[in-house]
Amino acid sequence: LCLTVRNLSQGESKAVYKNLNYDLRQYKRLQKFVHANYLLPNVTNLQDDQLAVFIRIGSDYKNNYYEYEIPLKLTPEGRYSWQSANDRSKVWPMENMLDVDMSVFTKVKKARNIARSEGKVSYNQIFSEYDADKPNNKISIVGNPSLGEVKTMVIGVRNLASTEKSGEVWVNELRLKDY
């Protein structure tokens, strides 16, 4: 899937969604390859970590979901050979790899529920924490989603910079692992 964004303002995101019916409780990991590059000419001066890819899974895409967000590293401009492992790692850098331990969603939900019992947040507010294993990646929850009844999946691009940005993000091969 290729997501091309032009002049995305600060904090703005664009996404695509798919309706589905999955029980993800039986899997330990969610993975997806991710690539990012600037558009030519690079008029918005896109740099590393200014765009992020996110994936939402939940019973809907607005009120009950988990979200995992990764700031993206850009692929340097050039020609690449798919026969070269070094070139493949430049196009699909490991820093961009969506590799989520599914237990982080349960952990953030428990943390949010504790904060809710203390009167600090509510179900309809976004509650976020950073992944302990990958401290640049953010995990969020809204509402009361269930990994046992996933009805929607959203994949999108968000501008983390303070100015408008344009770029292209590719996502490939959604994998559920460790059955």
When you compare the side chain of [Y] with that of [X], does any pair of heavy atoms fall below 4.5 Å?
X      : Y      : result
Asn137 : Tyr130 : no
Tyr17  : Asn19  : yes
Leu98  : Ile55  : yes
Thr75  : Trp92  : no

Using a strict 4.0 Å threshold on nitrogen-to-oxygen distance, state whether [X] and [Y] make a salt bridge.
X      : Y      : answer
Lys151 : Asp60  : no
Glu118 : Arg116 : no
Lys138 : Asp131 : no

Please assess Asp99 against Lys134 for the test side chain to side chain contact (heavy atoms under 4.5 Å, CB included), listing each intermediate value before the final yes or no. CA-CA 10 Å; Asp99 186 9; Lys134 300 170 188 166; 3.5 Å; yes
State whether the number of non-hydrogen atoms from other residues, nucleotides or ligands found under 6.0 Å of Leu176 atom CG is greater than 12. yes
Taking everything shown except Glu149 itself, do over 12 heavy atoms lie less than 6.0 Å from its CD? no
Under 6.0 Å from the six-membered ring centre of Tyr66 and within 45° of its axis: does the NZ or CZ of Arg56 meet both? no
With sequence neighbours left out, the residues meeting salt bridge (Lys or Arg N to Asp or Glu O under 4.0 Å) with Arg25 are Asp23
Using the benzene-type ring in the case of Trp, are the ring centres of Phe54 and Tyr68 under 6.0 Å apart? no
Sorted by first residue and then second, give each salt bridge (Lys or Arg N to Asp or Glu O under 4.0 Å) pair with at least one member in residues 164-179; sequence neighbours left out. Glu173-Arg175
For the side chain of Asn159 and the backbone of Leu8, is there at least one donor-acceptor N/O pair under 3.5 Å apart? yes
